[in-house]
2 protein chains.
Amino acid sequence: MVEAEIYKALGDPIRLEIVSRLAGGSPSTIGELSGNLGISRQGARKQLQVLVAANVVHLVPRGRQTRVVLDTETLQLARSFIARLEIQWDRRLEALKEFAESDPGE
Amino acid sequence: MVEAEIYKALGDPIRLEIVSRLAGGSPSTIGELSGNLGISRQGARKQLQVLVAANVVHLVPRGRQTRVVLDTETLQLARSFIARLEIQWDRRLEALKEFAESDPGE
DNA sequence: ACTTTATGCAACCTTTTGGTTGCATTTTGT
DNA sequence: ACAAAATGCAACCAAAAGGTTGCATAAAGT
């Protein structure tokens, strides 16, 4: 269950806020992303590191500052895994429904 | 950032395993789902409770035992949120690309 | 009635998480 | 050369998470 780490990374309001800002087009240096989160810069940096560890974002150093970029592949993986769950579940319900129709009553 | 709680709930190998089993069609009482997870029944139950709190699953009592059912709406919400992030990001890259083409060189 | 099965609940413990502060380091601008 | 800006790193701390064990309870089978 490799995917768990991805969801875990997304499973915090501050980290999700960071990812949202990134996707939304906010300037994407570490410093800028760390502002206005309600916690210290170093605190924000630790949260960012969690996203890095889960491959949700990557850091690319650029001279004095460091850019943060989203990893779309990881997001895609997370999304398609959920999609798969939904499909399986739907198929299952469908099967149960057919069974119920062939055998009415409780 | 309401969605965070959902991802947090999915962000644990055992909980994700439970959800997968559920979607995959395993018999879905609490007892059955709690087996073979490598932890005690009560431990598994606590994990299940996290999924309930995040509305990923619902519990429906049925006499002596309790059925566990997936909440597809919640899964859908989680999936579409990620999809939205991807789309935003893609649009942003597209815009940057156009800008780069109109202003060549570093 | 008694036993078994399926479950609930609470106390407890250890590890992880989320945050802090303080200081060091590396670029960049003057 | 010096100051400021952007960042890194580590120690520390409180709270939350993930697990355990032990016991209580309600429904079902015999």
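Quick note: numbers below take in every heavy atom, side chains included, and nothing from hydrogens, waters or symmetry partners. Only a predicted model underlies this, so the values are computations on that prediction, with no experimental measurement involved. Naming: A, B, ... by sequence-line order, numbering from 1 per chain.
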A.B. asks: Given atom CG of Asp12(B) and atom P of dT17(C), what is their separation to the nearest angstrom?
C.D. replies: 11 Å
A.B. asks: Do Glu3(A) and Leu16(B) have side-chain heavy atoms sitting under 4.5 Å apart?
C.D. replies: yes
A.B. asks: From CD1 of Ile14(A) over to P of dG18(C), roughly how many Å is that when rounded to an integer?
C.D. replies: 9 Å
A.B. asks: For Glu17(B) and Ser20(B), test the side chains for any donor-to-acceptor distance below 3.5 angstrom and give the result as yes or no.
C.D. replies: no
A.B. asks: Heavy-atom nearest nucleotide on DNA chain D for Glu32(A) versus Gly11(B): which residue maps closer to 5'?
C.D. replies: Glu32(A)
A.B. asks: Would you check if there is a donor-acceptor pair between the side chains of Arg41(A) and Ser34(A) at a distance under 3.5 Å?
C.D. replies: no
A.B. asks: Would you say Val57(B) and Asp71(B) make side-chain contact, with heavy atoms under 4.5 Å?
C.D. replies: no
A.B. asks: From the list dT27(C), dG19(C), dG18(C), which nucleotide is the closest neighbour of the side chain of Arg15(A)?
C.D. replies: dG18(C)
A.B. asks: Let me know the distance between CD of Gln49(A) and P of dT16(C), rounded to the nearest Å.
C.D. replies: 17 Å
A.B. asks: Less than 4.5 Å apart, any side-chain heavy atom of Val50(A) and any of Arg15(A)?
C.D. replies: yes
A.B. asks: Would you classify Gly43(B) as touching base, sugar-phosphate or nothing, given that sugar-phosphate means primed atoms plus P, OP1 and OP2, and contacts are heavy atoms under 4.0 Å?
C.D. replies: base
A.B. asks: First and last nucleotide of DNA chain D in contact with chain B, 5' to 3', at under 4.0 Å to a heavy atom: what are they?
C.D. replies: dA17(D) to dA28(D)
A.B. asks: Between Arg64(A) (CZ) and dT28(C) (C1'), how many Å, whole number?
C.D. replies: 4 Å
A.B. asks: Check every strand shown and say whether Thr66(B) touches a base, only sugar-phosphate, or nothing at a heavy-atom separation below 4.0 Å.
C.D. replies: sugar-phosphate
A.B. asks: Give a yes/no answer on whether the side chain of Ser40(A) brings an N or O atom under 4.0 Å of OP1 or OP2 in dG19(C).
C.D. replies: no
A.B. asks: Using a distance-only criterion (donor-acceptor N/O pair, under 3.5 Å, no hydrogens), is the base of dT7(C) paired with the side chain of Arg41(B)?
C.D. replies: yes
A.B. asks: Would you say Ile14(A) and Ile39(A) make side-chain contact, with heavy atoms under 4.5 Å?
C.D. replies: yes
A.B. asks: Would you indicate whether the side-chain heavy atoms of Leu10(B) and Ile82(A) approach each other to under 4.5 Å?
C.D. replies: yes
A.B. asks: Which nucleotide wins on minimum distance to the side chain of Lys8(A), given the candidates dC23(C), dG19(C), dT17(C)?
C.D. replies: dT17(C)
A.B. asks: When you compare the side chain of Asn55(B) with that of Ile6(B), does any pair of heavy atoms fall below 4.5 Å?
C.D. replies: no
A.B. asks: I'd like to know if the side chain of Arg67(A) pairs up with that of Thr29(A) as donor and acceptor (distance under 3.5 Å, no hydrogens or angles considered).
C.D. replies: no
A.B. asks: Which comes earlier along DNA chain C counting from the 5' end, the contact point of Gln47(A) or that of Gly63(A), where each point is its nearest nucleotide?
C.D. replies: Gln47(A)
A.B. asks: Quickly work out the Leu51(A) CG to dG18(C) P distance and round it to whole Å.
C.D. replies: 11 Å
A.B. asks: Check the distance between dG18(C)'s P and Leu37(A)'s CG and give it to me in whole angstrom.
C.D. replies: 14 Å
A.B. asks: For the helix from dA1(C)-dT30(D) to dT30(C)-dA1(D), what angle separates the axis at the start from the axis at the finish, each from five pairs, in steps of 10°?
C.D. replies: 30°
A.B. asks: Return the 5'-most residue of the pair Gln65(A), Gln42(A) with respect to DNA chain D, ranking by each residue's nearest nucleotide.
C.D. replies: Gln65(A)
A.B. asks: Between Arg45(B) and Gln49(B), does any side-chain donor sit less than 3.5 Å from a side-chain acceptor?
C.D. replies: yes
